[in-house]
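Letters A, B, ... mirror the listed sequences (proteins, then strands); counts begin at 1.
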Amino acid sequence: MSSENSMKNETNHLRKMTTIWVILSLAADLLFWFWVGPHVPPGTMTSTAKSNQFDFTFLVLFALPVLIGVWVYLGYAIVTWSAKRDNVPEPIGGEVARSNRKAQVSWITITSIVVLFLAGFGTVAVINDHGSGGGEGPNPIWNPGGASKAEAAALTSNASWSPNSNQVLPVQVIAQQWKFTYRYPTFGGFESSELILPVGTTVAFNVTSLDVIHSFWAYQLSVKADANPQVNDVAYTDTKQLGNFTVRCSELCGLWHGSMFNYGKVVSQSDFMNWAKTTESANAANTANLPPFAWTYVPDANGAAGGYYPDGTVTPYSTVEVYGSKQPAS
Amino acid sequence: MSMRGRLATVLGLFLVAVGLIVWSVATFLSPGVPGGVIDFTKAQAAGQPVNLTIQSVGSIGTGDHPTWVSYLAKNPTTGKWVHDTTWKLPANTVINVTVLQYDSGSPLRNQEWGQVQGTIGDTATLNGANFSVYNSNTGNGVGHTFAVPALNLSVPMVGVSSSATVCGVAPCGTSFAHNTETFSFKTPGPGNYSWQCFVPCGLGYLFGNGGGMSTQNYMGGFLQVVR
């Protein structure tokens with residue numbers, strides 16, 4: 001009889017805790033989804049930003065019930081089983097401290113399902129969103145339609161882009177101590193300190209470095225790709241909204257790392273076209289001095305602007321493109 | 001040892017550990033020896049253009065690192081060359097810059113820096129002649145640049161002939177081979193804006209960006225723009 005009462009009490013406690021947990025979790029999830037969710041970084045300027053905002057919100061919807069479950073249990077235990085209040089014996093040792101197989105199995109099963117589901121969710125999100133704005137290396141497997149064609153065309157000076165064409169726009173990001181510059185192979189390969197992008201366009205960022213390791217992080221675009229010397233790290237996004245964004249280096253790269261940032265803009269397709277054409281024309285004299293467009297470059301070995309200077313000797317010529325230098329000796 | 005003694009020992013060691021941590025963090029965060037600040041705000045009437053005269057040298061010739069490349073600036077009050085690279089400038093004011101370039105040059109690692117950017121008119125003068133682009137693969141190449149990334153300002157400093165008599169100890173006099181470049185830009189609102197050279201001219205260091213390129217008061221500094 002006593003054992004039955006004990007079981008009944010335990011069931012009542014579980015029911016009470018579950019009821020409190022469900023109500024609080026539901027309230028917290030609804031509040032987060034409708035009130036906080038739309039403001040979660042990185043915003044909705046691009047497809048990857050929007051997707052990452054959704055993913056973050058979705059993960060929080062799962063995390064909140066877990067968090068609230070722990071808090072409810074702790075709170076309930078403190079209020080209900082406080083030894084000081086009702087002179088209830090300390091619940092340490094004895095029958096109450098023994099393992100509860102049902103509770104253990106439930107906990108392991110539920111948490112395993114949650115973790116496996118989230119792993120699957122994350123994988124699907126990465127695949128569906130073409131890498132979710134992360135650098136995929138030189139041979140991206142989750143590239144959007146038309147990206148391979150556009151990038152192949154960029155190397156042969158045959159790339160083209162025009163408003164409403166739905167073409168992928170390749171943009172090269174060149175990191176160097178301590179600034180990012182950008183080359184537009186679609187417009188004669190001019191290089192600029194400004195990063196301007198058209199709205200409603202799939203952009204293929206091809207990120208590389210001329211010296212040490214940097215990292216290109218366009219926060220509001222939700223694009224982040226490491227910039228490694230002689231590596232082309234590709235990341236994709238679709239621009240969805242007009243606006244300004246910030247680019248920062250997110251890899252500690254030396255004295256002026258903190259100054260290695262700039263601001264970019266997503267503008268209308270016609271404004272972008274005007275800017276690109278104007279800049280291509282204005283920079284033509286300097287573009288002629290740039291090396292032919294390539295995905296990676298090696299530092300000049302011809303003189304004081306060269307790579308490594310071991311006591312005045314120079315590094316050997318390279319067979320690949322040499323950035324900003326005399327061409328390699330044949 | 002008594003309980004009180006043990007407590008005192010533990011407390012003492014704890015305080016020593018905290019002191020060491022604070023000292024280590026403070027040392028790590030301190031910018032080293034940034035040098036002084038040259039004030040250009042009082043040399044002319046408010047709102048009038050400011051004249052900033054600087055020189056770039058292949059080796060400073062003195063101090064802890066005599067072989068390091070460096071910039072120097074002429075103090076507007078005393079007229080003396082000073083080895084300080086933080087310059088206080090008035091906000092929203094035209095700055096007329098004159099650079100005496102005493103170093104030799106080479107092809108740029110990134111020819112983007114061969115283009116004059118961010119100056120008034122996007123031009124500069126080289127020994128009196130206007131230019132907006134300099135092909136560093138020709139002539140004496142480019143020795144240094146003067147660039148303020150936050151302002152998108154960049155001007156290439158064309159090198160002198162390596163066969164000329166190159167100044168080895170700063171400040172360099174105009175009897176040594178040099179190029180004179182001038183350009184103007186307008187300061188923005190108040191703030192600290194870092195400036196630097198984009199030619200990896202730190203000889204003897206990996207990628208040329210160590211030494212004077214990675215130490216304040218040589219090839220970089222701040223424009224301290226004030227009201």
Subject >> Non-hydrogen atoms of B:Q111 and A:N289 that approach each other most closely >> reply: CG-CB, 3.2 Å
Subject >> Euclidean distance, A:N283 CG relative to B:D122 CG, rounded to 0.5 Å >> reply: 9.0 Å
Subject >> chain A contact via B:S154 - side chain, backbone, both or neither, heavy atoms under 4.5 Å >> reply: neither
**OP:** Give, for atom CG of A:N286 and atom CD of B:E112, the distance between the pair rounded to the nearest 0.5 Å.
**Re:** 6.0 Å
Original post:
Looking at B:M213 and A:W256, what are the two nearest heavy atoms and their distance?
Top reply: O-NE1, 4.4 Å
Original post:
For chain A, which residues from residues 52-73 of chain B lie under 4.5 Å away (heavy-atom distances)?
Top reply: none
**OP:** Look up atom OG in A:S192 and atom CD in B:Q115, then write down how far apart they are to the nearest 0.5 Å.
**Re:** 8.5 Å
**OP:** Apply side-chain hydrogen bond (donor to acceptor under 3.5 Å, both in side chains) to A:E194 and B:N152, showing your working.
**Re:** CA-CA 9 Å; A:E194 290 182 282; B:N152 269 342; 5.3 Å; no
Original post:
What pair of heavy atoms forms the shortest contact from B:N110 to A:E191, and how long is it?
Top reply: ND2-OE2, 2.8 Å
Original post:
At their closest point, which heavy atom of A:A285 faces which heavy atom of B:V133, and how far apart are they?
Top reply: CB-CG2, 4.1 Å
Subject >> Close side-chain approach of B:P200 to A:Q177, heavy-atom, < 4.5 Å >> reply: no
Original post:
Can you tell me if CH2 on A:W295 sees more than 12 non-hydrogen neighbours from other groups inside 6.0 Å?
Top reply: yes
Original post:
How about residues 188-198 of chain B versus chain A: which residues have heavy atoms under 4.5 Å apart?
Top reply: B:S194, B:W195, B:Q196, B:F198
**OP:** Between chain A and each of B:G210, B:S104, B:G221, count heavy-atom pairs under 4.5 Å; write down the option with the most.
**Re:** B:G221
**OP:** Check B:P149 against A:K179 and note the closest heavy-atom contact, atom names and distance.
**Re:** O-NZ, 3.5 Å
